[in-house]
Amino acid sequence: MKGVSWIKRRQSRKIWVGNVPIGGDAPIAVQSMTNTETCDVEATLHQINQLADAGADVVRVSVPTMDAAEAFKLIKQRAPVPLIADIHFDYRIALKVAEYGVDCLRINPGNIGNEQRVSAVIETARDKNIPIRIGVNAGSLEKDLQKKYGEPTPEALVESAQRHIDILDRHNFDNYKISLKASDVFMTVSAYRILASQIDQPLHLGITEAGGARAGSVKSAVGLGMLLAEGIGDTIRVSLAADPVEEVKVGYDILKSLGLRQRGINFIACPSCSRQQFDVIKTVNALEGRLEDVRAAMDVAIIGCVVNGPGEAKEADIGLTGGAGASLMYSEGEKDHKIDNEQLVDELEKEIRSRVAQREADIAEKSHGQEVIATS
Ligand code: SF4
């Protein structure tokens, strides 16, 4: 199977957001954030469920008021994945959601007021084993840093982060991760590179306010791709002015393209040309739509003719090479059988689903075997 990564990851300290490990040898976690009104418990839960179905490992929820904190309590009770509460300035909200069982606090310790308040939040986080995410953003850089550097720069972002880190250090608190986001790719990349060399905490990557679905995905892929390829990054959030479910899908696509994580079908498809023996684009689009629910990782090559077809098909779990009237399906790199070009979508869906079921059964059997060994 394709997707082996050549990347050597930076060795970060592992922390836990609920039952999801972040950093160390853990898979790079994909996260997103709800954009519903948090006080609308049902709408927010609906979106959290959609995000979890798309593969979000953790979900962030904005908690701007005490009313939202009360709603968060109800949301948390029914959420299928760990939740991060996004809090700005008001330390009482942080204490409240901690009481209600939040899995991570996104709060900048330098922004919550006097030492007593900072201590109250940090001590509560320590008592309840709740990690903190420091989130530095170029758009909300401290005024004195803006003055010192003239404009947001990578060094300014790192200095801002360092202030929050110093506070946590003074309290001997190391259960945290950090993000340093800017909408400029080079500024973001450069800031993360500097910080990655200074600390061993996990890093949450993101290009903030990246833009709409298409341009924002490209910008995120370029920025996050540069960092991930260098081994930097333990969790990612793609920020798009679009449905947050898209953020999760794009996040996985970025990780898949670097061989860092696999989930669902990885389609290898040619762009098609006049040599194509069936409509490649239509076939791929139809299969992508039909197979969105698949979680098991699998490479499927859909290639329009024999120019590149056999080569790609041999590398994939299932491959298809276009032929006149009927196309040749490969299984595990070997020629398997021909499929009538009129039946391609239906037949391929059937083949892929049966292979997925087999793979899932194998995994279940293996993990059952491990349980038996563990309990014997
Ligand atoms: S594989 Fe064949 S159909 Fe696809 S782009 Fe290349 S030449 Fe065209």
Side-chain angles (χ1 to χ4, degrees), residues 3-33 52 55-60 80-85 101-107 109 122 125-136 158 161-162 164-166 168-169 171-181 188-189 191-206 220 223-238 248 251-252 254-263 295 297 363 366-367 370-371 374:
V4 177
S5 183
W6 301 92
I7 295 168
K8 188 170 180 314
R9 284 178 64 195
R10 160 182 170 262
Q11 275 314 299
S12 59
R13 173 195 298 263
K14 188 185 285 181
I15 66 169
W16 291 82
V17 174
N19 61 359
V20 175
I22 310 271
D25 59 357
I28 294 172
V30 175
Q31 55 177 289
S32 180
M33 185 169 179
D57 298 295
V58 292
V59 172
R60 180 155 52 115
V81 289
L83 298 184
I84 302 166
V102 73
D103 298 293
C104 178
L105 290 168
R106 189 266 162 138
I107 190 164
I122 296 175
R126 193 196 318 277
D127 282 354
K128 297 185 180 293
N129 204 18
I130 300 168
I132 289 176
R133 196 252 287 188
I134 297 172
V136 171
V158 172
Q162 204 60 57
H164 302 296
I165 293 169
D166 287 346
L168 296 180
D169 280 352
H171 287 82
N172 243 338
F173 185 90
D174 59 11
N175 189 12
Y176 65 93
K177 56 185 173 135
I178 306 187
S179 64
L180 294 172
K181 298 188 185 179
T188 309
V189 168
Y192 276 108
R193 280 178 180 151
I194 298 170
L195 194 67
S197 68
Q198 296 178 345
I199 61 167
D200 65 356
Q201 255 64 30
L203 296 176
H204 161 128
L205 302 188
S220 298
L224 300 194
M226 287 166 84
L227 289 164
L228 291 166
E230 293 171 21
I232 296 172
D234 301 287
T235 175
I236 61 169
R237 189 238 171 148
V238 174
V248 177
Y252 273 98
I254 292 172
L255 295 179
K256 273 189 218 171
S257 65
L258 290 169
L260 284 165
R261 205 161 162 192
Q262 304 294 331
R263 184 184 200 275
R295 291 168 189 223
I363 293 169
K366 220 184 263 172
S367 61
Q370 278 166 352
E371 271 167 34

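Residue numbers start at 1 and run along the sequence shown.
For the pair Leu83/Val58, no side-chain contact is recorded, criterion being any heavy-atom separation below 4.5 Å from C-beta on. You'll find the side chain of Ile194 stays beyond 4.5 Å of the side chain of Tyr192, heavy atoms only. Residues Asp103 and Ile130 are not in side-chain contact: their nearest non-hydrogen atoms beyond the backbone lie 4.5 Å or more apart. No side-chain heavy atom of Val136 sits under 4.5 Å from any side-chain heavy atom of Lys181.
Between Pro82 and Asn19 the shortest heavy-atom distance is CG-OD1, 3.5 Å. Of all heavy-atom pairs between Ile15 and Pro202, the closest is CG1-CG, 3.9 Å. Contact detail for Pro109 and Ile134: the closest heavy-atom pair is CD-CG1, 4.2 Å. Counting all heavy atoms, side chain and backbone alike, Ile232 lies closest to Leu203 at CG2-CD1, 3.8 Å. Closest approach of Lys256 and Arg263 over heavy atoms only: CE-O, 2.8 Å. For Ser32 against Val248, the heavy-atom pair with the smallest separation is CB-CG2, 3.7 Å.
For the pair Arg193 (side chain) and Glu230 (backbone), a donor-acceptor distance under 3.5 Å is absent. Counting only distance, with no hydrogens or angles, the side chain of Gln201 and the backbone of Ser12 share no donor-acceptor pair below 3.5 Å. A distance-only check finds no donor-acceptor pair linking the side chain of Tyr252 to the backbone of Gln262 [under 3.5 Å]. Of the possible polar contacts, one joining the Arg126 side chain to the His171 backbone as a donor-acceptor pair under 3.5 Å is found. Between the side chain of Thr235 and the backbone N or O of Ile28 there is no donor-acceptor pair closer than 3.5 Å.
With sequence neighbours left out, the side-chain hydrogen bond (donor to acceptor under 3.5 Å, both in side chains) criterion links His164 to no other residue. Residues that satisfy the side-chain hydrogen bond (donor to acceptor under 3.5 Å, both in side chains) test with Arg9, not counting sequence neighbours, are Asp234.
Residue Thr188 holds its OG1 atom at 10.0 Å from CE of Met226, rounded to the nearest 0.5 Å. Residue Asp169 holds its CG atom at 9.0 Å from CD1 of Ile199, rounded to the nearest 0.5 Å. The NZ atom of Lys177 lies 10.5 Å from the CG atom of Leu205; values are rounded to the nearest 0.5 Å. Rounding to the nearest 0.5 Å places CG of Leu180 at 10.0 Å from NE2 of His204.
Results of the salt bridge (charged side-chain N to carboxylate O under 4.0 Å, His left out) test with Lys14 over Asp200, Asp25, Asp174 single out Asp25 as the only residue that passes. In summary, of the residues considered (Val20, Ile84, Val81, Val17), a side chain to side chain contact (heavy atoms under 4.5 Å, CB included) with Gln31 occurs for Ile84 alone.
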For this session: Show your working on side-chain hydrogen bond (donor to acceptor under 3.5 Å, both in side chains) between Ser179 and Arg133 and close with a plain yes or no.
Result: CA-CA 7 Å; Ser179 64; Arg133 196 252 287 188; 2.6 Å; yes

For this session: Test Leu195 against Ile178 for side-chain contact (heavy atoms from CB on, under 4.5 Å), laying out the working first.
Result: CA-CA 9 Å; Leu195 194 67; Ile178 306 187; 3.8 Å; yes

Problem set entry | Derivation and outcome, side-chain contact (heavy atoms from CB on, under 4.5 Å), residues Asn175 and Ile132 | CA-CA 7 Å; Asn175 189 12; Ile132 289 176; over 6 Å; no

Exercise. Under the side-chain contact (heavy atoms from CB on, under 4.5 Å) criterion, do Tyr176 and Ile165 qualify, and how do the steps go?
Worked result: CA-CA 9 Å; Tyr176 65 93; Ile165 293 169; 3.2 Å; yes

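Ion pair Asp57/Arg261 flagged as a salt bridge, since at least one NZ, NE, NH1 or NH2 atom sits closer than 4.0 Å to an Asp/Glu carboxylate oxygen.
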